[in-house]
2 protein chains.
Amino acid sequence: MKESINKSLEIKKVKPTAMRQLVLDILSKQEHAIGLPELEAQFAQADRTTLYRTLKTFVTKKVIHSIDDGTGTIKYAICKDTCQCNPNELHVHFYCTKCEKTTCLTDIAIPDVPLPQYYIAENINMVVKGLCDKCSKKN
Amino acid sequence: MKESINKSLEIKKVKPTAMRQLVLDILSKQEHAIGLPELEAQFAQADRTTLYRTLKTFVTKKVIHSIDDGTGTIKYAICKDTCQCNPNELHVHFYCTKCEKTTCLTDIAIPDVPLPQYYIAENINMVVKGLCDKCSKKN
DNA sequence: AAATACTTTGCAACTTAGTTGCACCAATAA
DNA sequence: TTATTGGTGCAACTAAGTTGCAAAGTATTT
């Protein structure tokens, strides 16, 4: 476990400090994407700034990817080891309006959209909102 | 012009107060989607709260739609008179990373995506980021 | 027209997320 | 060891959004 985290940091060329290992460990244990406030809540005592900067480093080094799920707070989830976050590798995200969890639908690629002339796509964000599998069954 | 604004408010069943007419008039003159701070900036003197609530009313009454373009501030643009904001009526939005403007690509419908079993879609947000037509030509 | 109720508006104050500057500490290189 | 670099933590701040409450305006009833 700890080995895989170190490996992940090594692959993406991020110095594996204790803080970073800890943050990545927590992120790896999440079932859903979480935001900075939620990450902060998992620590008894930790500085927001450090977590903030750790996440930022992870994003630029592509250890994790950020998700704008439309709630106003950015969520984060771990990238695959091989992920380079290119447009063709992007997947759809799902935000459940009932349990308010954001899920990576890693198997669902974002479909190509035709853009008007002279528009150049660099990145695409696609979030489907509705009820997740667990919540739709409870109704 | 003023007639069409009143008509729009009437259709969507919003009482046409002076403030609302003014806000809708400003929104109708925008080439791009704008946020609350930008709307506020167009007034010499106006209260943020009132504008905030006006936008909120407009969104719930479907006079305008809100766009989460990933910048952190929600943008707004006018809906068509007939728009009911159903999933099948939704269009793609484009955020230009150079001029930082958000554009409704009203002609480009959001493609259907297959969801995993038991997931129920209520709404979809799709934002393409990159260079808009004007900015891509300038390079 | 007067009295009542309802809606809209404006001020002030607050919350929340994100962000920056600066000082300190740890790890590494010269 | 000293110098340099990078990471961490505190404090303070910004920006956007939000709420409570009171005043003003509009509509409705008598």
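Numbered from 1 within each chain, the chains take letters A, B, ... in sequence-line order.
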Next item on the list: Between B/P37 and A/Q45, name the one whose nearest nucleotide on DNA chain D is closer to the 5' end.
Entry: A/Q45
Next item on the list: Would you indicate which nucleotide in C/dG18, C/dT20, D/dT8 comes nearest to any side-chain atom of A/K56?
Entry: C/dT20
Note to self: Judged by each residue's nearest nucleotide on DNA chain D, which is more toward the 5′ side, A/T57 or A/A46?
What the structure shows: A/T57
Checklist line | Under 3.5 Å: donor-acceptor pair, side chain of A/R48, backbone of A/E40 | finding: no
Check: Will you find, in the side chains of A/T102 and A/H32, an N or O donor that is under 3.5 Å from an N or O acceptor?
Finding: no
Item checked: Nucleotide C/dT9, atom P - distance to CG of B/L55 in whole Å -> 12 Å
Next item on the list: Whole angstrom is fine here: how far is it from CD in B/E40 over to P in D/dT14?
Entry: 16 Å
Note to self: Tell me whether the side-chain N/O atoms of B/T50 come closer than 4.0 Å to OP1 or OP2 in C/dG10.
What the structure shows: yes
Checklist line | Atom-to-atom span, CG of B/L36 to P of D/dA15 - whole angstrom | finding: 14 Å
Item checked: Residue-phosphate contact under 4.0 Å: A/Y52 side-chain N/O, C/dG18 OP1/OP2 -> no
Next item on the list: Quick one: list whatever passes side-chain contact (heavy atoms from CB on, under 4.5 Å) with A/D112, sequence neighbours left out.
Entry: none
Margin query: Can you measure A/Y76 atom OH to C/dG18 atom C1' for me and round it to whole angstrom units?
Written below: 9 Å
Checklist line | Interatomic distance, B/I34 CD1 vs D/dG17 P [rounded to whole Å] | finding: 12 Å
Notebook entry, point to check: Is there a side-chain contact between B/Q30 and B/K75, using heavy atoms and a 4.5 Å cut-off?
Noted result: no
Margin query: Would the base of C/dG10 count as contacting B/R48 through its side chain, where contact means a donor and an acceptor less than 3.5 Å apart?
Written below: no
Next item on the list: State whether the distance check finds a donor on one side and an acceptor on the other, under 3.5 Å, for side chain B/R53 versus base C/dG10.
Entry: yes
Notebook entry, point to check: Counting side-chain heavy atoms from CB outward, which of C/dT8, C/dT20, D/dG6 is closest to A/K15?
Noted result: D/dG6
Note to self: As an exercise, state the distance from CD1 of B/I74 to CD1 of B/I34, rounded to the nearest 0.5 Å.
What the structure shows: 13.5 Å
Next item on the list: Measure from CZ on A/F58 to C1' on D/dG6 and round the result to the nearest Å.
Entry: 15 Å
Checklist line | Distance below 4.0 Å between B/T49 side-chain N/O and C/dG10 OP1 or OP2 | finding: no
Notebook entry, point to check: In whole angstrom, what separates B/L51's CG from C/dT8's P?
Noted result: 15 Å
Check: Given atom CD1 of B/I74 and atom P of D/dA16, what is their separation to the nearest angstrom?
Finding: 12 Å
